[in-house]
Amino acid sequence: QVQLVESGGGLVQPGGSLRLSCAASGPIASINAMGWYRQAPGKQRELVAAITSGGTTNYADSVKGRFTISRDNAKNTVYLQMNSLKPEDTAVYYCNAEIVTSRDGRHFATGLYWGQGTQVTVSS
């Protein structure tokens with residue numbers, strides 16, 4: 001029932017910027033950690049950035065100083081601001097979130113959910 005929908009991907013020149021958004025919907029009671037992963041052709045999926053419910057962040061060394069993860073709890077949305085983009089940032093970016101769901105406010109379940117991915121291409 002929970003869905004994560006990403007937006008904001010596209011084609012950008014090296015040095016440019018993009019802002020990715022991922023909005024969660026469904027019978028959400030609360031959201032714990034949220035994050036962004038990426039997968040380039042021929043490479044394993046890797047963690048790009050993560051943010052806890054309390055706002056603590058973690059970044060891959062390759063993006064530290066260039067990317068910023070943030071969240072808007074009222075909107076159940078996580079963002080990834082990507083600046084100074086490089087060709088090696090080209091990948092499909094996936095958001096994920098650990099979400100506690102409830103349909104009655106009494107019975108709860110915790111699960112890890114993934115978006116379908118959004119393509120980011122950095123090329124001149």
Side-chain angles (χ1 to χ4, degrees):
Q1 300 300 315
V2 170
Q3 290 191 81
L4 299 179
V5 179
E6 299 116 330
S7 62
L11 174 65
V12 65
Q13 293 186 352
S17 298
L18 286 173
R19 191 190 194 205
L20 306 183
S21 300
C22 175
S25 62
I28 298 169
S30 62
I31 301 178
N32 297 327
M34 307 183 79
W36 290 94
Y37 288 73
R38 68 186 181 188
Q39 188 165 27
K43 298 182 66 177
Q44 293 185 321
R45 186 174 298 189
E46 64 175 348
L47 176 68
V48 177
I51 184 167
T52 69
S53 60
T56 300
T57 58
N58 184 57
Y59 298 93
D61 288 341
S62 60
V63 308
K64 191 171 297 183
R66 300 187 297 121
F67 291 9
T68 302
I69 189 170
S70 61
R71 62 192 286 171
D72 186 335
N73 291 329
K75 296 180 178 179
N76 291 328
T77 299
V78 62
Y79 305 94
L80 186 67
Q81 178 67 47
M82 304 185 294
N83 298 325
S84 302
L85 283 161
K86 305 174 180 179
E88 49 263 47
D89 295 318
T90 296
V92 177
Y93 284 69
Y94 301 88
C95 68
N96 85 312
E98 186 179 79
I99 300 176
V100 181
T101 58
S102 177
R103 290 195 173 275
D104 59 11
R106 181 174 176 84
H107 300 88
F108 300 87
T110 302
L112 186 64
Y113 297 87
W114 291 87
Q116 292 300 304
T118 184
Q119 177 71 49
V120 172
T121 302
V122 185
S123 176
S124 59

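Classification of the Tyr93-Phe67 ring pair by plane angle, with boundaries at 30° and 60°, yields tilted.
Shown here for Tyr94 and Gly115, the closest heavy-atom pair between the two residues is CD2-O, 3.6 Å. Minimum interatomic distance between Ser17 and Ser84 (heavy atoms only, all atoms of both residues): OG-N, 4.3 Å. The minimum heavy-atom distance between Asp89 and Arg38, with the atom names listed, is OD1-NH1, 2.9 Å. Taking each heavy atom of Val120 and Met82 in turn, the nearest pair found is CG2-CE, 3.9 Å. The shortest non-hydrogen separation linking Ala97 to Leu4 is N-CD1, 3.9 Å. Between Ala60 and Leu47, the shortest heavy-atom contact is CB-O, 3.4 Å.
Note that CZ of Arg19 and CG of Asn83 are 11.0 Å apart. Values are rounded to the nearest 0.5 Å. A distance of 13.0 Å separates CD of Gln3 from CG of Asn76, quoted to the nearest 0.5 Å. For the atom pair CD of Glu98 and OG of Ser30, the computed distance is 9.0 Å after rounding to the nearest 0.5 Å.
No hydrogens or angles considered: nothing links the side chains of Asn32 and Ser53 as a donor-acceptor pair under 3.5 Å.
Of the possible polar contacts, one joining the Arg71 side chain to the Thr52 backbone as a donor-acceptor pair under 3.5 Å is found. Checking side-chain atoms of Ser21 against main-chain N and O of Tyr79 turns up no donor-acceptor pair under 3.5 Å. Not a single donor-acceptor pair under 3.5 Å links the side chain of Ser124 to the backbone N or O of Gln13. Between the side chain of Glu6 and the backbone N or O of Gly117 there is at least one donor-acceptor pair closer than 3.5 Å.
Within the 4.5 Å cutoff, the side chain of Ile31 has no heavy atoms near those of the Val78 side chain. Between Tyr113 and Ile28, every side-chain heavy-atom pair lies at or beyond the 4.5 Å cut-off. In this structure, Gln119 and Thr90 have side chains that are in contact, with non-hydrogen atoms separated by less than 4.5 Å.
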Working note: Leu11 + Ser123, criterion side-chain contact (heavy atoms from CB on, under 4.5 Å); need CA distance, chi angles, decisive distance, verdict. CA-CA 7 Å; Leu11 174 65; Ser123 176; 4.3 Å; yes
Mind running side-chain contact (heavy atoms from CB on, under 4.5 Å) on Val122 and Lys86 for me, showing each step along the way? CA-CA 6 Å; Val122 185; Lys86 305 174 180 179; 5.5 Å; no
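More than 12 non-hydrogen atoms from other residues, nucleotides or ligands lie less than 6.0 angstrom from CD of Glu46. For CD of Glu88, the number of neighbouring non-hydrogen atoms (other residues, nucleotides, ligands) closer than 6.0 Å is greater than 12. Annotation: Gln39, atom CD; neighbour count of heavy atoms from other residues, nucleotides and ligands within 6.0 Å is above 12.
Under the 4.5 Å side-chain heavy-atom criterion for ILVMFWY residues, a single connected hydrophobic cluster contains both Trp36 and Val2. Under a hydrophobic-cluster definition in which Ile, Leu, Val, Met, Phe, Trp and Tyr are linked whenever side-chain heavy atoms come within less than 4.5 Å, directly or via other members, Val92 and Ile69 are assigned to different clusters. Tyr37 and Tyr59 are assigned to two separate hydrophobic clusters, defined by single-linkage of ILVMFWY side chains at heavy-atom distances under 4.5 Å.
Under the rule for a salt bridge (charged side-chain N to carboxylate O under 4.0 Å, His left out), the partners of Asp61 that lie at least two apart in sequence or sit in another chain are Lys64.
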